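The structure displayed is predicted, hence computed values, not measured ones.
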Amino acid sequence: MAIPLILASKSLPRRNVLNAAGVCPTIRVSHVDEPAALRDAAAKAGVNVGELFIGDRVAILAEAKAQAVYQAYRNVAATADAATGECVVGYPLKAAGRSETDDAVERGTTEPGKPIDYSTAHIATTRDFSGVNIPTRTQPINVFTAGRPGLVHSTVGPLILGCDSMFLMDGECYGKPHSVEAARERLKHMSGATGELWTGHCLVDFATGRVVRDASHAVVHFSEFSGDDIERYIATGEPLEVAGSFTLEGFGGAFIDGIEGDPSGIIGLSLPLVRRLTERLGIAWPDLWNVRSELAPTESKAEGAGHAGIEPPKENVHQPGDGWIDCDCGRKHWGVNGASGVLLARRDERTGNVTHVVMQHRAVWSAEGGTWGIPGGATAQGETPIEGALRESYEEANITPEDIDVVGSYCEDHGPWAYTTVFAFEKPGHTVEPKANDDESMEIAWVPIEQVGGLKLLTAMRTDWPRFAARLNALAATYR
């Protein structure tokens with residue numbers, strides 16, 4: 001299996017550079033205060049920020065971003081490792097004599113003896129198992145996760161990659177201009193000029209905590225561009241949020257006459273530098289390859305050696321684990337490694353009874369859009385379902401793993417695909433403030449537990465909610 005790479009950046013060009021080189025990364029934004037990071041580094045060195053060498057600046061910021069994501073993953077791993085309680089595994093497809101046609105007949109969506117017309121069915125809608133006597137198996141939650149690839153017991157990786165870029169011209173460092181006015185002045189100054197684009201990278205090995213960092217640079221020669229060129233380029237929006245106010249791979253590429261040095265560094269991700277840093281950690285660069293080339297033979301030495309092969313990202317496939325899988329239940333499910341989510345409950349401080357749960361109002365464009373469920377998503381490479389649920393619920397709903405205790409789980413196992421619901425409580429004295437962190441939610445809210453059943457619930461949640469509510473109440477009675 002390939003060693004997972006976590007990219008501490010939401011930059012699409014950086015992700016595309018890695019994908020073209022055979023590495024599909026998991027994306028985790030760092031949210032670092034860059035000016036503060038530079039001030040702290042300068043203070044430790046006994047100098048002003050302006051006295052820091054540009055190569056040091058980009059390396060410092062790259063490390064700050066990698067370390068922020070490293071700590072976030074440490075929080076996920078710590079909460080997953082401290083999980084208690086039991087995992088109940090349900091096997092709805094093993095229910096005696098039950099088929100999806102039986103379910104469809106019962107719901108009145110097809111006739112006895114007539115097969116389901118999958119050309120018109122909502123294949124991405126979860127199959128309704130209400131009324132089905134589901135066989136189950138119960139085991140300690142640590143037994144459920146034992147033997148699965150995961151963060152807690154990893155001996156190498158995942159690798160966390162931080163990145164930063166700055167442009168140097170006439171002795172002055174430039175980051176992102178952010179405003180139209182700043183971009184206009186810079187572009188006027190750059191016309192017909194030559195500058196240097198510096199890119200810093202930092203790699204952290206999650207398993208060992210080892211850190212390596214460095215910087216690369218390339219000389220960039222610009223053509224002369226007119227005032228009209230500048231205004232029309234600014235109107236694209238591209239130069240406002242990129243280091244130096246230009247790109248090689250976008251609209252600005254036509255105005256670059258030449259490059260001396262590393263071209264991928266101009267895009268913000270220096271492949272040669274990242275390869276060298278990987279080797280300094282004792283890891284071979286091909287060990288990160290997890291994208292299956294369209295030119296590769298159907299059987300390859302790498303596949304025989306156990307390296308994972310996934311399709312390059314398409315429109316809505318952003319990272320390892322994303323994608324649809326054809327399930328034995330006759331439906332399509334999201335998550336090639338399965339999926340999971342967190343059902344977080346709040347307890348009354350005096351009685352200990354459950355009062356609220358965090359619910360997600362799903363975006364209209366998503367599967368069963370407009371319904372309510374719990375935050376979660378596809379399990380990524382190199383993480384257990386518990387870890388995946390904690391990561392996804394933070395990314396989608398701001399459920400901070402360091403503020404919750406995992407107290408049990410339920411896994412609905414379909415054979416080639418499974419969904420794990422992770423039961424959790426706010427830690428005593430801690431408060432989780434959920435919010436929608438991305439466009440997958442219309443709303444994230446604490447909902448009174450007695451009101452959940454009245455919501456328009458996701459099919460699986462509608463079926464499972466009575467059992468989930470009863471289990472939360474039972475867990476709350478014993479939680480300390």
Side-chain angles (χ1 to χ4, degrees), residues 7 9-21 27 29 32-35 38 48-62 65 162-201 215-274 313 315 439:
L7 178 61
S9 170
K10 64 179 180 180
S11 164
L12 180 60
R14 286 181 176 135
R15 194 193 81 191
N16 288 343
V17 169
L18 284 169
N19 277 298
I27 307 300
V29 182
V32 163
D33 184 338
E34 296 185 19
L38 288 176
N48 296 321
V49 170
E51 297 176 276
L52 290 172
F53 173 58
I54 186 172
D56 292 334
R57 293 193 206 185
V58 292
I60 288 165
L61 292 175
K65 295 171 184 178
C163 314
D164 194 77
S165 297
M166 288 186 182
F167 183 62
L168 179 68
M169 189 168 66
D170 296 336
E172 186 172 351
C173 294
Y174 297 94
K176 300 173 183 177
H178 299 302
S179 72
V180 168
E181 292 75 17
R184 180 180 294 116
E185 289 307 309
R186 291 187 192 180
L187 290 167
K188 287 179 180 177
H189 190 47
M190 290 159 56
S191 177
T194 295
E196 298 177 6
L197 196 290
W198 284 79
T199 294
H201 290 313
S216 74
H217 78 287
V219 176
V220 185
H221 301 282
F222 295 98
S223 67
E224 292 187 0
F225 25 87
S226 67
D228 183 58
D229 291 334
I230 291 173
E231 294 305 318
R232 295 175 72 175
Y233 184 37
I234 290 173
T236 69
E238 181 180 273
L240 301 183
E241 298 300 327
V242 291
S245 311
F246 72 95
T247 63
L248 174 63
E249 76 286 359
F251 291 100
F255 298 99
I256 296 174
D257 281 346
I259 295 171
E260 299 168 35
D262 173 20
S264 63
I266 302 293
I267 302 174
L269 198 141
S270 169
L271 286 172
L273 176 55
V274 177
E315 185 175 353
D439 62 357

| said: Using modelled atom types and a 3.5 Å cut-off, is there a donor and acceptor pairing between side-chain atoms of Glu196 and backbone atoms of His217? | reply: no
| field | 4.5 Å side-chain heavy-atom contact, Met190 and Phe167 | value | yes
| request: Evaluate the side-chain proximity of Glu185 to Lys188: yes if any heavy-atom separation is below 4.5 Å, no if none is. | output: yes
| query | Between Gly175 and Arg186, what is the shortest heavy-atom contact and its length? | reply | O-NH1, 2.6 Å
| SG on Cys173 to CG on Leu52, rounded to 0.5 Å | 9.5 Å
| field | Nearest-0.5 Å distance, CD of residue Glu231 to CZ of residue Phe225 | value | 12.0 Å
| When you measure from the side chain of Asn16 to the backbone N and O of Pro13, does any donor-acceptor pair fall under 3.5 Å? | no
| remark: To the nearest 0.5 Å, atom CD of Glu224 lies from atom CG of Asp257 at 9.0 Å
| Stepwise, does the side chain to side chain contact (heavy atoms under 4.5 Å, CB included) test hold for Leu248 with Ile259? | CA-CA 10 Å; Leu248 174 63; Ile259 295 171; 3.7 Å; yes
| field | Exercise: identify the closest heavy-atom pair between Val58 and Ala215 | value | CG2-CB, 3.8 Å
| If every non-hydrogen atom of Ala182 is compared with every non-hydrogen atom of Pro177, which pair is closest and at what distance? | CB-O, 3.7 Å
| field | Rounded distance (nearest 0.5 Å) linking atom CE of Met166 with atom NZ of Lys176 | value | 10.5 Å
| Within the side chain of Arg57, is there an N or O that forms a donor-acceptor pair under 3.5 Å with the backbone of Gly50? | yes
| request: For Thr199 and Ser165, indicate whether the former's side chain and the latter's backbone hold a donor-acceptor pair under 3.5 Å. | output: no
| task | Take Phe255 and Leu187 through the test side chain to side chain contact (heavy atoms under 4.5 Å, CB included) and record every step on the way to the result. | result | CA-CA 11 Å; Phe255 298 99; Leu187 290 167; over 6 Å; no
| Within the distance-only criterion (no hydrogens, no angle test), does the side chain of Thr194 pair as donor or acceptor with the backbone N or O of His221 below 3.5 angstrom? | no
Using residues 261-269 as the side-chain source, report each donor-acceptor pair under 3.5 Å to any protein atom, sequence neighbours left out, with the distance given to one decimal.
{"unit_1": "Asp262", "atom_1": "OD1", "unit_2": "Ser264", "atom_2": "N", "d": "3.1"}
{"unit_1": "Asp262", "atom_1": "OD1", "unit_2": "Ser264", "atom_2": "OG", "d": "2.9"}
{"unit_1": "Asp262", "atom_1": "OD1", "unit_2": "Gly265", "atom_2": "N", "d": "3.4"}
{"unit_1": "Asp262", "atom_1": "OD2", "unit_2": "Gly265", "atom_2": "N", "d": "3.3"}
{"unit_1": "Asp262", "atom_1": "OD2", "unit_2": "Ser270", "atom_2": "OG", "d": "2.4"}
{"unit_1": "Ser264", "atom_1": "OG", "unit_2": "Leu269", "atom_2": "O", "d": "3.2"}
{"unit_1": "Ser264", "atom_1": "OG", "unit_2": "Leu271", "atom_2": "N", "d": "3.0"}

| Expected output: side-chain Lys10 to main-chain Ile27 donor-acceptor under 3.5 Å | no
| Euclidean distance, Asp33 CG relative to Leu38 CG, rounded to 0.5 Å | 9.5 Å
| Just how far is it from atom CG of Asp229 to atom CZ of Phe251, taken to the nearest 0.5 Å? | 13.5 Å
| said: Give me the atom names and distance for the closest heavy-atom approach of Cys163 to Leu7. | reply: SG-CD1, 3.8 Å
| Is the ring centre of Tyr233 less than 6.0 Å from the ring centre of Phe222? | no
| remark: Looking only at heavy atoms, the pair that brings Leu240 and Ala183 closest together is CD2-CB, 3.7 Å
| request: Provide the closest heavy-atom pair for Lys65 versus Val32 in the form atom of the first, atom of the second, distance. | output: CA-CG2, 3.7 Å
